[in-house]
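In what follows, every heavy atom counts, from backbone to side chain, and hydrogens, waters and symmetry copies are set aside. Worth saying up front: this structure is predicted, and the values here are computed from it rather than measured. All ligand and atom numbering here is 1-based and tracks the order in the structure.
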Amino acid sequence: MTNMNVRFCAILSLSIVVPALAFAQQTPQSLADAELPSLLAIYKDVHSHPELSGHEERTAALIAKELGAAGCEVTEHLGKYADPKFKGYGVIGVMKNGDGSTVLVRTDMDALPVEEETGLPYASKVTTKNDEGKDVHVMHACGHDAHIAAFIGTARALAKLKDQWHGTILFVAQPAEELGTGARALLKDGLYDRFGKPDFALGFHDKADMQIGHIGVTEGYTYANVDSVDVTVRGVGGHGAYPHKTKDPIVLAAEMINSWQTIASREDNPLDPIVVTVGSIHGGTKHNIIPDEVKMQLTVRTYKADVRDRVLAAIDRIAKGCAVAAGIPPERAPIVTVRKDEFTPATYNNPDLTKRLVPVWKRALGNENVEIVDPTMGGEDFSEYSLPDHSIPAVDFHVGAVDPAKIAEYKQAGKELPSLHSSKFAPVPEPTIRAGVIGMTSAVLELMKK
Ligand SMILES: [Zn+2]
Ligand SMILES: [Zn+2]
């Protein structure tokens with residue numbers, strides 16, 4: 001071999017190796033960085049065009065277009081609601097890449113009836129009528145717009161990383177998360193029958209008190225069972241000056257409220273967290289009239305199914321027992337109704353899957369940027385995707401959305417940061433979306449790797 005041939009071969013092999021290397025170097029991180037300007041534009045567009053739960057028409061169309069452009073087979077208008085006034089705005093994008101497991105990746109997409117007060121240049125000025133016909137402002141105050149941008153970024157990244165995974169990815173854009181009805185509506189419309197039951201389900205939520213660039217996760221229960229309970233306390237009304245001729249439902253309601261708090265303090269195992277909150281109480285019309293009834297609305301939070309059953313039974317038993325103690329006749333016993341349609345099951349992060357993903361995120365973002373966080377008593381209908389028996393391993397992780405300097409400033413001042421749903425909640429979009437894309441893409445690659 002002559003010198004010239006050696007040089008020729010060297011140039012030839014270099015010209016083959018360089019593009020191959022460039023291709024091989026594509027990573028969730030490099031793709032997130034490359035897509036960030038475009039994803040930020042999508043974020044700002046969605047942020048300034050928020051839509052209420054069950055009305056996500058524009059948002060769904062935008063996501064459908066983007067999933068199609070990323071190479072997914074797209075199905076629109078999925079979702080069957082109990083209430084016919086809601087249309088199905090669910091979007092499913094199927095990305096196929098040979099045989100292998102199926103992984104579900106979920107974003108939510110609805111906004112809230114909140115008047116934005118962030119002062120951002122892309123702040124929402126949208127107003128609309130809510131389902132009761134009342135004029136309301138609309139804002140992406142829960143960060144679902146950041147979820148959407150990261151979801152689209154994840155689809156684009158995984159389309160470019162097809163040499164590193166095999167199987168089927170179900171990209172699910174879910175409406176009506178804030179009502180707790182959207183995931184159920186998709187499942188009722190045959191999500192798993194029509195598109196296949198996934199082997200794993202993944203979602204994430206931005207976190208209003210975690211620093212940007214961080215991922216947080218909880219092993220096991222991460223969000224609570226959410227039950228809504230209506231209680232009608234029935235008494236015998238009359239003149240406020242002659243209580244002995246009445247059965248006062250207001251005093252009786254007060255008894256119930258205090259006694260319900262003893263469920264947590266006296267009946268429940270202290271190691272099983274529960275919350276019983278009376279969020280609404282209405283009764284009476286005037287100072288000197290004892291009314292016939294009082295209406296209350298409760299939110300009840302639990303984790304375990306048996307604890308849930310016991311707490312709901314205790315609320316009913318205490319309400320009826322207090323009424324008996326007050327001498328209410330049996331035909332005027334309180335009516336306790338658990339709103340079954342509004343139940344959101346607890347979100348359970350499969351421990352084995354969580355243990356598998358934590359080191360993946362540590363490698364992707366750095367050891368110090370992955371946190372094990374406490375569970376909360378909040379609710380999230382992502383839980384529906386793992387089915388009631390948690391038979392589909394699922395993980396819903398957190399992505400930090402706040403500048404660390406802001407966290408420090410608020411801490412020093414002894415103030416609470418604006419929470420999710422606050423009119424002042426303003427995530428820092430670029431790093432939140434970036435960590436969302438990297439976290440989700442690297443998790444999917446781990447579960448589907450070649
Ligand atoms: Zn929310
Ligand atoms: Zn949310």
>> With a 4.5 Å cut-off on side-chain heavy atoms, are Arg156 and Leu39 touching?
In response: yes

> Given Val91 and Val74, is the side chain to side chain contact (heavy atoms under 4.5 Å, CB included) satisfied, shown in steps?
Replying inline: CA-CA 7 Å; Val91 181; Val74 177; 3.9 Å; yes

>> I'd like to check Asp145 versus Ile42 (side-chain heavy atoms, cut-off strictly below 4.5 Å). Are they in contact?
In response: no

> Is the shortest heavy-atom distance from the side chain of Phe195 to the side chain of Val94 under 4.5 Å?
Replying inline: yes

> Are any non-hydrogen side-chain atoms of Phe151 and Met440 less than 4.5 angstrom apart?
Replying inline: no

> Hey, which N, O or S atom on His205 ends up closest to the Zn ion (ligand 2)?
Replying inline: NE2

>> For a distance under 2.8 Å, give residue and atom name for each protein N, O or S atom next to the Zn ion (ligand 1).
In response: Cys142 SG, Glu178 OE1, Glu178 OE2, His421 NE2

>> For residues 179-194, which residue pairs pass the side-chain hydrogen bond (donor to acceptor under 3.5 Å, both in side chains) check, not counting sequence neighbours?
In response: Arg184-Glu384

